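Here is the structure we will look at.
We number each residue from 1, following the sequence as shown. None of the values given here were measured: they were computed from a predicted structure.
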Amino acid sequence: MTINEQPSASHEQAAPEPATAPARPVALITGVGRSIGIGAGIARQLAASGWDIAFTYWTPYDRRMEWGAEDGAATSIARELAEAGARTAAIEADLTGPDAPIRIFDEAEQRLGPVTALILSHAESVDSGLLDTTVEAFDRHFAVNTRASWLLIREYGLRFRGEPGSKPGEPGAGAGRGAGRGAGAGRIVALTSDHTVGNLPYGASKGALDRITLAAAHELAHLGVTANVVNPGPVDTGWMNDELRDALTQGTPLGRLGTPQDTAHLVDFLCSPQGQWVNGQLLKSNGGAAP
């Protein structure tokens with residue numbers, strides 16, 4: 001597990017606020033390594049809605065994928081979020097290590113404060129099927145997509161101290177020991193996929209993630225935390241070829257592919273006080289695309 005802290009001038013910035021302004025709640029978003037990715041879209045939307053943002057990225061993963069690494073992405077994303085008024089903390093983290101979640105939360109809390117919302121948008125995704133998936137690839141997908149997600153959710157649950165009745169940004173949202181039950185400030189949102197054919201380890205590990213997240217909706221209810229899973233459907237963030245793009249577009253009733261903003265709007269709602277009654281759900285935000 002490695003965590004590389006970038007210069008504070010680039011990654012931890014704050015817009016001037018009146019002394020009486022309420023504290024902004026903190027969202028921790030994983031998988032924000034590319035400016036055109038879903039994670040970055042979610043970060044921008046939450047920053048605009050009044051959240052401070054800690055985000056993780058892992059450059060070596062992008063380097064071994066077809067699209068390659070985006071030089072300076074973490075710095076540019078952090079700058080955008082700061083321009084929207086958010087304090088930011090960019091954390092480079094290898095989620096294959098079981099100690100990664102503890103270190104991520106330690107740094108996020110040290111730099112920004114207690115985490116109110118946990119958004120899981122990271123993924124290991126290398127296509128292979130039943131007959132050609134290697135044990136190494138299978139284990140790596142489950143380490144990143146499933147085990148790391150479970151450990152991040154567990155660490156969040158162990159540390160969360162929000163008052164069950166509080167709202168994001170209010171006193172007690174993320175700090176102070178709460179008591180009783182009820183929908184409060186805490187939010188967990190995990191991004192999933194229903195892709196399985198020809199993509200066995202990715203689909204299987206995401207399916208396991210679904211169950212872990214939905215369990216959190218019940219097991220963390222006493223903290224005032226809601227937990228939901230979002231399936232964004234086909235979103236082209238640079239991984240589609242022309243043939244696949246055309247086929248998926250034709251298979252969507254609305255006649256277009258999804259965008260990171262589409263997913264971000266739903267996550268933003270789920271993290272808001274207005275979204276507190278949506279809990280323990282697997283939501284499809286896919287334009288009606290058939291699985």
Side-chain angles (χ1 to χ4, degrees), residues 1-3 28-34 37-43 55-67 69 91-105 117-130 132-157 188-217 219 227-235 237-239 258 260 263 267 281-286 291:
M1 157 66 195
T2 62
I3 292 181
L28 171 58
I29 308 172
T30 61
V32 187
R34 301 165 64 234
I38 294 176
I42 293 171
F55 66 89
T56 73
Y57 64 102
W58 183 233
T59 303
Y61 171 73
D62 290 315
R63 286 201 186 110
R64 63 183 171 86
M65 303 304 287
E66 292 182 5
W67 52 77
I91 305 167
E92 184 163 24
D94 179 7
L95 291 175
T96 61
D99 60 342
I102 293 176
R103 297 187 185 183
I104 290 168
F105 268 90
L118 173 63
I119 315 299
L120 302 173
S121 63
H122 66 275
E124 169 77 18
S125 179
V126 179
D127 293 354
S128 61
L130 282 166
D132 61 343
T133 294
T134 67
V135 171
E136 179 186 11
F138 188 90
D139 289 346
R140 185 169 59 249
H141 279 79
F142 272 82
V144 174
N145 298 342
T146 307
R147 185 180 68 190
S149 298
W150 157 53
L151 291 174
L152 283 161
I153 290 173
R154 184 176 75 172
E155 197 63 25
Y156 173 85
I188 297 171
V189 182
L191 302 190
T192 192
S193 172
D194 52 19
H195 197 192
T196 53
V197 178
N199 208 357
L200 169 70
Y202 174 71
S205 59
K206 283 290 191 176
L209 164 64
D210 297 353
R211 300 307 177 187
I212 293 169
T213 306
L214 298 180
E219 296 190 24
N228 293 284
V229 184
V230 172
N231 184 341
V235 178
T237 56
W239 59 273
T263 307
V267 173
Q281 303 299 310
L282 199 167
L283 305 168
K284 291 188 176 182
S285 176
N286 63 4

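Between I29 atom CD1 and I91 atom CD1 the span is 11.5 Å, to the nearest 0.5 Å. Once rounded to the nearest 0.5 Å, the distance linking CG of D127 with CG of N199 reads 4.5 Å. Annotation: the span from L28 atom CG to F55 atom CZ amounts to 11.0 Å, rounded to 0.5 Å. Taking OG1 of T133 as the reference point, atom CG of D139 lies at 11.0 Å (rounded to 0.5 Å). In this structure, Y61 OH and R140 CZ are separated by 9.5 Å, a value rounded to the nearest 0.5 Å. Note that CD1 of I153 is 4.0 Å distant from OG1 of T213, once rounded to the nearest 0.5 Å.
Across all their heavy atoms, V144 and H122 have their closest contact at O-NE2, 2.9 Å. Nearest heavy atom pair, residue R103 against residue D99, reads NH2-OD2, 2.8 Å. When all heavy atoms of A208 and T146 are compared, the pair lying nearest together is CB-CG2, 3.7 Å. Nearest heavy-atom pair across A137 and P201 is O-CB, 4.4 Å. Residue S121 comes nearest to L191 through the heavy atom pair CB-CD1, 3.5 Å, listed as atom of the first residue, atom of the second, then distance. When every heavy atom of S285 is checked against every heavy atom of V230, the shortest pair comes out as CB-CG1, 4.4 Å.
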- Task: Go through the steps for L95 and L151 under the test side chain to side chain contact (heavy atoms under 4.5 Å, CB included), then give the verdict.
- Result: CA-CA 10 Å; L95 291 175; L151 291 174; over 6 Å; no
- Task: Apply the test side chain to side chain contact (heavy atoms under 4.5 Å, CB included) to residues R147 and S205: give CA-CA distance (whole Å), side-chain angles for both, the deciding distance (0.1 Å), then the verdict.
- Result: CA-CA 9 Å; R147 185 180 68 190; S205 59; over 6 Å; no
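At a threshold of 4.5 Å between non-hydrogen side-chain atoms, the residues S149 and I212 do not count as touching. Residues V229 and D210 are in side-chain contact: their nearest non-hydrogen atoms beyond the backbone lie under 4.5 Å apart. Side chains of D194 and K284 form a contact here, defined as non-hydrogen atoms less than 4.5 Å apart.
A donor-acceptor contact shorter than 3.5 Å is absent between the side chain of D62 and the backbone of T59. Between the side chain of N145 and the backbone N or O of K206, no donor-acceptor pair lies under 3.5 Å.
Of the residues T56, L152, L118, the one that meets the side chain to side chain contact (heavy atoms under 4.5 Å, CB included) test with P101 is L152.
Between Y202 and H141, the angle of the ring planes goes over 60°, which puts this pair in the perpendicular group of the 30/60° scheme.
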